[in-house]
Amino acid sequence: MYAIPTAAHILGVTPAALAAALERGETIRSLTIACGHDPERMTQAVVDAETADVVALAGIAGFGPDAVAEFVGELRAYLVAFVRDGQRVADRLFETRTLQAA
């Protein structure tokens, strides 16, 4: 997952320091605001970092455009929740029908 390294780079901290802060209950969004950065730009940077590889790998694997678009939408929903609310909240998305295989 590129979310931690991408966010750490933008915040100017090491990935280990960011991971420790997240373990203490901080969120990437709260840390972004505390550091004076735009949380929407952070969210987009994390989404962009993750999405590029997913799209490339899905194309190599032979998935069609509709399947790729659906997965990218689900990935975005997960990452937005991850940045805003933390991993536990984002992981709960997998318990819903939205991100489960048909």
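The first residue in the sequence is number 1, and the count goes up from there. All figures in this text were calculated on a predicted structure; none of them were measured in a lab.
- For the atom pair T32 OG1 and R84 CZ, the distance stands at 13.5 Å (nearest 0.5 Å).
- With sequence neighbours excluded, the residues forming a side chain to side chain donor-acceptor pair (under 3.5 Å) with T27 are S30, listed by chain and number.
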Run the side-chain donor-acceptor check on residues 1-19: report pairs under 3.5 Å with partners two or more places apart or on a different chain.
from : atom 1 : to  : atom 2 : distance (Å)
Y2   : OH     : D53 : OD2    : 2.5
T6   : OG1    : Y2  : O      : 2.8
T14  : OG1    : A17 : N      : 3.0

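- With rounding to the nearest 0.5 Å, the separation of OG1 in T43 from CZ in F82 is 11.0 Å.
- Cluster partners of F63 are V55, V68, V72, counting Ile, Leu, Val, Met, Phe, Trp and Tyr whose side-chain heavy atoms approach within less than 4.5 Å, directly or via other members.
- Taking Ile, Leu, Val, Met, Phe, Trp and Tyr as members and joining any whose side-chain heavy atoms lie under 4.5 Å apart, directly or through other members, L57 forms no hydrophobic cluster with any other residue.
- A search for salt bridge (Lys or Arg N to Asp or Glu O under 4.0 Å) contacts involving E40 returns R29, not counting sequence neighbours.
- Under the 4.5 Å side-chain heavy-atom criterion for grouping Ile, Leu, Val, Met, Phe, Trp and Tyr, V54 is connected to L93 within one hydrophobic cluster.
- The shortest side-chain heavy-atom distance between Q87 and L22 does not fall under the 4.5 Å cut-off.
- Here D48 pairs with Q44 under the side chain to side chain donor-acceptor pair (under 3.5 Å) rule; sequence neighbours left out.
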